[in-house]
Amino acid sequence: MNIHQKLPFIWHGGDYNPEQWTQATWWEDFRLMQQAGITVATVGVFSWVSLQPAEDRFTFEWLDEVLDGLHTHGIKAILATPSAAQPAWMSQAYPHVLRSDEYGRRMAHGGRTNFCPNSSDYRRLSGNIARHLAERYRNHPALLLWHVANEYSGHCYCETCAQKFREWLQIRYGSLERLNACWWTAFWSHTFTDWSQINPPFRGSETLMHGLNVDYFRFMTESQLACYTHERDILRSITPDVPITTNLMGTYKPLDYRRWAREVDVIAWDCYPHAKQATGEIAFVHDTMRGLKDGQPFLLMEQTPSSQNWQDVNAIKRPGVLRLWSYLAVAHGADSVLYFQWRRGRGGCEKLHGAIIEHSGRSDTRLFREVSQLGAELKRLGDAIIGSAYRARVAIVFDWDNWHALEDAIGPVRNKRYLETVNKHYLSFYRRNVAVDVVFPDTDLAKYDLVIAPMMYMLKASLVQNVEMFVRKGGTFVATYLTGYVDETDLVFENGYPGPLAHVLGLWVEEIDALYDDQHNTMILPDGSGTYICSHLADVLHPITAEVMATYGEDYYQGSPVATRNRYEQGEAYYLGSDPDQAFLDRFYEAILDKHGIQPVLITPSDVEATARYKGEQKILFLLNHNPHPVTVELGTTVQRDLLTNQVCRKSIILEGYGVSILVDEPEGD
Ligand code: GLA
Ligand code: ZN
């Protein structure tokens, strides 16, 4: 579904909660939104009780006026269903709607996302309000996109969920014997003799059965997803042409977003880095969100225009950084720049959260000016970026199930550093402006030259198959320590590690040593060309067909291999048995990139990012100066035009501190 049909440019806007304000304020808001170049407003998130004050009473009149007002001001609506927080009347009338905590205790009404995802009353009533909204606004000219609920999150541990979980397990395992075998329940006399004995992983009772834990995570992902698809199907049946999504939270561990990606028309996510976050970490999450739907552009659904209020320290984005980080998102695949939120509330726990209109209610503020300038600029950009895509020859594999299984495992170290390690490998490419796609075990790898799968402890059959095929046809694959321990049920592979990838990697792992934080070992290259630090974990491994690239410099395994390369059919597979320092990784990946002739988008000064999107054959080059001071970037020989300023640049360009340029080739002589 082409989500940009109605609005073929980068959307600019964000969350708007008119139900917290008087009518007079709405009309002031519409006027100010227009002034700020807002093209889209997200309304209705958390509006349930304002739309349905009692089960048999609906009050849509205020929303009618808001949607009409937006429309007459040329603003489209992302219309939310309100189901992220049920009204008190509902919790009161149907107590089973309330979620239970990890101890199985039903929670009292309050907060948000406080519903049981398996409650039939919740499903019925959330579907019902979605149907009312769709029927009422199906032909409203402002309706642009459906936003179902808001940030589905957390897990429920109630009796309804427990029962549904048992049914889910019966389908998954077929028999109790098989479940007992996969979960290795003979350990500690945990064999189940009846399905009714199985419970969610309640804190205080069964939290150590890893097969159960990872299955409960999968089950909760599916339960919440079913809430989404239930509403979606109702909306779809009434408004078949309006795209539907929900807002995700980046690398949010409790829900497997790869599963969600199939069910939404467009990925939308809420980006809340802290003010000092490394841009390489933010870019990684954007790339992950783009990867969810195999490279399709996504929506930046929320970001704070200035500060959050829920971090320990909520520093304001420095002048220029809002613009810079908005284009950072666009450069990595976003087709919208949306904020949370338009106007700061006078009460509630988010009253000190950044918003475009602050408590002064004024528009003569630095923030309003920055937002308005960005709005004007996005308008000028028009459809230049819409329809363009990212191109990468390097991929990093990320997997939610693996994340759960790996961090759940007890030993060999408590802190497994999964995200940190994936990000560390990613940074080797990010820093040199080499494009990376984040992919998943089921992604077809054919279009890549280099695929890196850090710490694939839970190694899925789909990934094994994809990697085998990829290397066979000439690809370069990189794996690390803690690869190939358990299968999808969390049962360790027979014949040890790296499990079913042993033949591709050409080695077996005998032992894994854990290093204390203040300890390290060294990696020595055989030709004497370098010694690097390695830490965290250290495999004692044995090549079968692999050749040794580096050996340990210390300890009882001194002289034994730490890094290997195995030729497998047309390709090769590297194995890193310990966690190398960034200098090693940089050198290691440079050689592989050279071998495949993979070029950076552009060579730039430090902390100046160059990223590209491609529209057909046209390259759209984003230059992002993450430094507070100006820099000069050499552009090479071509003549380029800056889409933001319309200026033509030859040879080089000066970027202001936190400055951005978006360049396209300019035919010489024009
Ligand atoms: C999330 C929610 C918003 C708001 C912001 C505050 O992203 O979706 O409703 O609570 O956080 O940062
Ligand atoms: Zn429940």
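Just so it is clear, the values below take in all heavy atoms, side chains as well, and ignore hydrogens, waters and symmetry mates. In listed order, ligands and their atoms are each counted from 1.
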Pull out every atom of ligand 1 sitting under 4.0 Å from any heavy atom of [X], numbered as shown with elements.
X: W310; value: 6 (C), 12 (O)
X: F46; value: 9 (O)
X: E151; value: 1 (C), 2 (C), 7 (O), 8 (O)
X: E302; value: 1 (C), 2 (C), 3 (C), 5 (C), 7 (O), 8 (O), 11 (O)

(Q) Within the 4.5 Å heavy-atom criterion, are Y426 and D287 side-chain neighbours or not? (A) yes
Q | Donor-acceptor pair between E151 and T113 side chains, under 3.5 angstrom | A | no
Q. Hey, are E609 and H626 close enough side-chain-wise for a donor-acceptor pair under 3.5 Å?
A. yes
Q: Please state whether Q341 comes within less than 4.0 angstrom of ligand 1, counting heavy atoms only.
A: no
Q) Under 30°, 30 to 60°, or over 60°: which ring-plane class applies to F115 and Y122, parallel, tilted or perpendicular? A) parallel
Q: Report the relative orientation of the aromatic rings in H155 and Y216; use parallel for angles under 30°, tilted for 30 to 60°, perpendicular for over 60°.
A: perpendicular
Q: Please indicate whether any nitrogen or oxygen in H353 is less than 3.5 Å from any nitrogen or oxygen in ligand 1.
A: yes
Q: Note the single closest protein heavy atom to atom 9 (O) of ligand 1, along with its residue, its atom name and the distance in Å.
A: R112 NH1, 3.2 Å
Q) What residue and heavy atom of the protein are closest to atom 5 (C) of ligand 1, and at what distance? A) Y272 OH, 3.5 Å
Q: Taking W89 for its side chain and Q52 for its backbone only, find out whether a donor-acceptor pair lies under 3.5 Å.
A: yes
Q) Does the N180 side chain pair with the main chain of F192, one donor and one acceptor, at a distance under 3.5 Å? A) yes
Q | Contact summary for D121 and M90, nearest pair of heavy atoms | A | O-CE, 4.3 Å
Using heavy atoms and a threshold below 4.0 Å, how should the contact between [X] and ligand 1 be classified: side chain, backbone, both, or neither?
X: M249; answer: neither
X: E350; answer: side chain
X: Q303; answer: neither
X: N150; answer: side chain

Q. SG (C161) to the Zn ion (ligand 2) to SG (C158): angle, nearest 10 degrees?
A. 110°
Q) For the rings on Y339 and H12, is their centre-to-centre separation under 6.0 Å? A) yes
Q: Check whether any N, O or S atom of C116, backbone or side chain, sits closer than 2.8 Å to the Zn ion (ligand 2).
A: yes
